[in-house]
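Okay, structure first, notes after.
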Amino acid sequence: DVKVTQSSRYLVKRTGEKVFLECVQDMDHENMFWYRQDPGLGLRLIYFSYDVKMKEKGDIPEGYSVSREKKERFSLILESASTNQTSMYLCASSSYNEQFFGPGTRLTVL
Amino acid sequence: RKEVEQDPGPFNVPEGATVAFNCTYSNSASQSFFWYRQDCRKEPKLLMSVYSSGNEDGRFTAQLNRASQYISLLIRDSKLSDSATYLCVVISGGYQKVTFGTGTKLQVIP
């Protein structure tokens with residue numbers, strides 16, 4: 001079974017803090033994705049990566065950056081957290097079309 | 001117009017009923033289509049792919065109408081365990097951009 005893990009299930013941070021969300025997959029997938037999910041807005045793509053050290057902006061990249069130094073690991077970085085970044089963050093990996101999701105990180109920014 | 005649109009519901013149906021959801025997409029060049037299922041407080045999981053010729057898996061049937069740019073999901077003989085949010089996913093473009101609909105909530109009632 002594909003396993004996608006995320007570093008935290010719940011996280012509480014203060015406005016202005018730098019936040020790191022880590023995602024690791026164990027199936028040697030080339031593609032990895034970061035989404036946020038908000039009520040009424042669904043899943044929105046923040047960034048994705050098709051290879052090590054490669055990144056592409058999704059629909060809502062503002063306020064976020066990413067890092068993919070190793071194939072199995074894709075990190076999402078909030079340089080200076082703001083209250084409007086309070087959300088559920090979901091990481092996914094895929095080889096072809098099917099996406100496998102991690103359990104999500106619920107981030108609250110106070 | 002949103003790239004991918006779904007009726008948010010909720011659809012409240014009795015056990016044993018047949019229910020259908022539609023999902024419209026705006027990019028006529030979209031290449032691949034999927035239905036995902038998301039249970040409350042869980043991550044999305046692939047339910048089925050949608051092919052031009054249609055796709056059936058037990059009580060579930062998915063269809064694609066390219067001319068009218070929508071995909072559909074039909075659930076026959078609804079079970080209580082079918083209660084969930086159903087997300088349509090459209091993949092398009094050279095970079096295989098993934099776009100999720102906001103989801104349709106289904107509640108099957110005893």
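Numbered from 1 within each chain, the chains take letters A, B, ... in sequence-line order.
- The hydrophobic cluster containing L76(A) also contains L11(A), counting ILVMFWY residues as joined when their side-chain heavy atoms lie under 4.5 angstrom apart, directly or transitively.
- Counting non-hydrogen atoms of other residues, nucleotides and ligands closer than 6.0 Å to NZ of K71(A) gives a total above 12.
- In this structure, chain A has no heavy atom under 4.5 Å from any part of Q6(B).
- Residue Q38(B) qualifies as enclosed at atom CD: its count of foreign heavy atoms under 6.0 Å is above 12.
- Once rounded to the nearest 0.5 Å, the distance linking CD1 of I91(B) with OG of S94(A) reads 7.5 Å.
- Hydrophobic clustering (ILVMFWY, side-chain heavy atoms < 4.5 Å, transitive): I75(B) and F33(B) are in one cluster.
- Contacts of residues 101-110 of chain A with chain B at a heavy-atom distance below 4.5 Å involve F101(A), G102(A), P103(A), listed in sequence order.
- Side-chain contact between L87(B) and L43(A) is present, with at least one heavy-atom pair separated by less than 4.5 Å.
- Taking CE of M48(B) as the start and CD of E98(A) as the end, the distance is 12.5 Å to the nearest 0.5 Å.
- Here the side chains of Y36(B) and Q99(A) are in contact, with some heavy-atom distance below 4.5 Å.
- For the pair D59(A)/E3(B), a side-chain contact is recorded, criterion being any heavy-atom separation below 4.5 Å from C-beta on.
- In terms of modelled atom types and a separation under 3.5 Å, the side chain of Y35(A) and the main chain of F100(B) share no donor-acceptor contact.
- L90(A) and P44(B) get closest at one heavy-atom pair: CD1-CD, 4.2 Å.
- If you chain together hydrophobic residues whose side chains sit under 4.5 Å apart, Y70(B) and L73(B) never meet in one group.
- Around CZ of R66(B), the count of heavy atoms belonging to other residues, nucleotides or ligands within 6.0 Å exceeds 12.
- Taking hydrophobic clusters as Ile, Leu, Val, Met, Phe, Trp and Tyr residues chained together by side-chain heavy-atom distances below 4.5 Å, M32(A) shares a cluster with I46(A).
- Hydrophobic clustering of Ile, Leu, Val, Met, Phe, Trp and Tyr side chains at less than 4.5 Å, counting indirect connections, unites V98(B) with M54(A).
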